[in-house]
Amino acid sequence: MDDVLQFLVIFVSVLIIILTLQYYKQRWRSLISPGPTGLPIIGTRLYTGVDFHRTARKLAQDGYGNVCSFMLGIPMVLANDFDTISEVFNSNKGFDFASRRESFYICQLYNPKKLGLFTSDYSERWVQQKRFVLSTLRGFGFGKSSFEGKITEEVQNLLSHVKELSNMPQDLSQVLTLSVGSIVTNLILGCHYDYNNNEFLQIVDALKRCMSNFGKTSMVLMEFLPISRPFLQQSAQEMRDLHAEFKSVVMSRVAECQKTFSADKEPRNFVDCYLAKMVEQPDIFTLEDLLFVLSDLFGGSMETTSNTIMFTILYLVANPDVQEKVHEELMTVVGPSRLPCLEDHNRLPYTVATIYESQRLASVTPMICRCATVDTTLAGYAIPKGTNVICNTWGLHYDPDVWPDPYRFDPTRHLNDKGEVIKSPYLLPFGAGRRVCMGESLAKMKLFLYFSSLMHQFKFELPPGAAMPSMKPLPGFNASPEPFPVMIKEYVNTKKRSDL
Ligand code: HEM
């Protein structure tokens, strides 16, 4: 009798659990949009694959529509077309989807308290951090034309370095990351690092490894297949260790600043301003917050910019006619005796269109992840508070209805009949709305000055006999091209950098 009772208790308990899960699943399904049915336990993981943005677009094409819901460990909603993505960015003045995605990586491995800028939820703390960081950096010239001199200085350093590498097959990704990185370290830490400075190399290297580790299969599994987590503890610990390594290098720099910091003295750099704010408002501005703010500024600025430039060089190696036209335009408008500057921007439509086209094709941040801050709607479907929403900007940038023959590299799609640049609303490399990229204006200045200066001075070609490198991005936090060597040839008709 005891056995029967025991069996009945277990049977009824299991039944209740199954019915409850079924109820919530149905309720969730009835609230939100259509999507593929997941398999038990593993959800839709098998449908998605590692190239998630491509498969996501395919789901829309397969009839699930532009707002598609599915289980990926946790419920997700995918926004695939321009109207839906715009609604995510702008609904209720951008407030409804202003939080970041709940994720295993953020909550368990990186930033459990969700501090800082990028990974934090929409909150008063985040509002205050973003406002303070932006206004302080602007005080140091961030994103303003007055900052041009600092970027140009770094560009000139890079050009001298690249010249030394000419006529031999070279992979430029490391030197580019160091160059764009030194602009942000200068701004934040107030110090100028040489490319071979140990501390700087440690920061860049730790950051790079964090970003690329993010794309590893073990990370993808832990994120989207919760039952795999107990088996992948070693990978989880590796990721934690990588973050700890990065934090400790940055922290030692902050500690250096702290030693000589005085609230009564003129701030020397961004860290000084933050330390002063910590004295003024200790409940919101803490050392821990500062660490995550710095991680976000380094992480947000380095790879995104250098990967975009590397993809642009790759596309131009594959399209020498475009490269020649860009150089010709630079020679006609700027001339051989000086480097391009921001004032030239509006007079270089083909060069600017080439940057836009590279940003579209590269889509270095292919998916922008947000989370609903309130119960709301998306394209008419109810979206409960806390639902993760992924904007497939890669899908938008490759939408054939918006960009005919989307895989073709064609800068002229960003020009009108008069040869003027068109700013397409369908190009969203920096996101939009409340969580729009904080470094957008600085990034645009950097992309223009780096790209136009490199094209002004050098020709990039495939090394003799080399096969065309793959255009397919490597998995990671940001899309990056596979390492590829190029032959760099200096144009003879331009002045030497020492004379510029
Ligand atoms: C080509 C270069 C860059 C690209 C493609 C890029 C792209 C993005 C994207 C797509 C987002 C998410 C936007 C959203 O949710 O709507 C973002 C956020 C962010 N970016 Fe950038 N970014 C670039 C450069 C920079 C630079 C130079 C900095 C800083 C110096 C920076 C700092 C940030 C920060 C702090 C955030 C988080 C903003 C928030 O959550 O409120 N980014 N970026």
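All residue numbers refer to positions in the sequence shown, counting from 1. Numbering of ligands and ligand atoms starts at 1, following listing order. When reading the values below, keep in mind they use all heavy atoms of this one structure, side chains included, and skip hydrogens, waters and symmetry mates.
Taking the charged nitrogens against the carboxylate oxygens, K277 and E280 do have a contact shorter than 4.0 Å, which makes a salt bridge. A salt bridge links E357 to R360: at least one charged side-chain nitrogen sits closer than 4.0 Å to a carboxylate oxygen. Using a 4.0 Å cut-off between a side-chain N of Lys or Arg and a carboxylate O of Asp or Glu, E440 and K444 qualify as a salt bridge. Remark: D344 engages R347 in a salt bridge, criterion side-chain N to carboxylate O under 4.0 Å.
Within the listing of ligand 1, atoms 14 (C), 15 (O), 16 (O) sit less than 4.0 angstrom from a heavy atom of R370. Shown in contact with W126 at under 4.0 Å from a heavy atom are these atoms of ligand 1, numbered in order with element: 41 (O). Of all atoms in ligand 1, numbered sequentially from 1 with element shown, those under 4.0 Å from a heavy atom of I368 are 10 (C), 14 (C), 15 (O), 16 (O). Atoms of ligand 1 lying under 4.0 Å from any heavy atom of K130, numbered from 1 in the order shown and given with element: 38 (C), 39 (C), 41 (O). Interface atoms of ligand 1 facing T308, defined by a heavy-atom separation under 4.0 Å, are 1 (C). Residue F142 approaches ligand 1 through these ligand atoms, each under 4.0 Å from one of its heavy atoms: 30 (C). Ligand 1 places these atoms under 4.0 Å from at least one heavy atom of V364: 5 (C). Of all the atoms in ligand 1, the ones that sit under 4.0 Å from a non-hydrogen atom of A432 are 16 (O).
Looking at atom 12 (C) of ligand 1, its nearest protein heavy atom turns out to be R100 NH2, 3.7 Å. What sits closest to atom 14 (C) of ligand 1 on the protein, heavy atoms only, is R435 O, 3.0 Å.
The distance between the ring centers of F140 and F270 does not fall below 6.0 angstrom.
Ring geometry, F292 versus Y110: the interplanar angle exceeds 60°, so the pair is classed perpendicular (tilted spans 30 to 60°).
For N66 (side chain) and N80 (main-chain N/O), no donor-acceptor pair under 3.5 Å exists by modelled atom type. Of the possible polar contacts, none joining the N92 side chain to the F95 backbone as a donor-acceptor pair under 3.5 Å is found. Looking only at distances, a side-chain donor or acceptor of E148 sits under 3.5 Å from a matching main-chain atom of L342. Under a 3.5 Å cut-off, the side chain of S99 and the backbone N or O of Y122 do form a donor-acceptor pair.
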Exercise. Checking ring pair (Phe, Tyr, Trp, His ring centres under 6.0 Å) for the pair F97/F89: CA distance, chi angles, key distance, verdict?
Worked result: CA-CA 7 Å; F97 297 98; F89 288 151; 9.7 Å; no
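In this structure, P429 counts as a contact residue of ligand 1, since one of its heavy atoms falls inside 4.0 Å of the ligand.
Geometrically, R100 engages F118 in a cation-pi contact defined by less than 6.0 Å to the ring centre and at most 45° from the axis.
Contacts with ligand 1 closer than 4.0 Å are made by no heavy atom of S120, backbone or side chain.
For atom 21 (Fe) of ligand 1, protein N, O or S atoms closer than 2.8 Å were enumerated as C437 SG, with waters left out.
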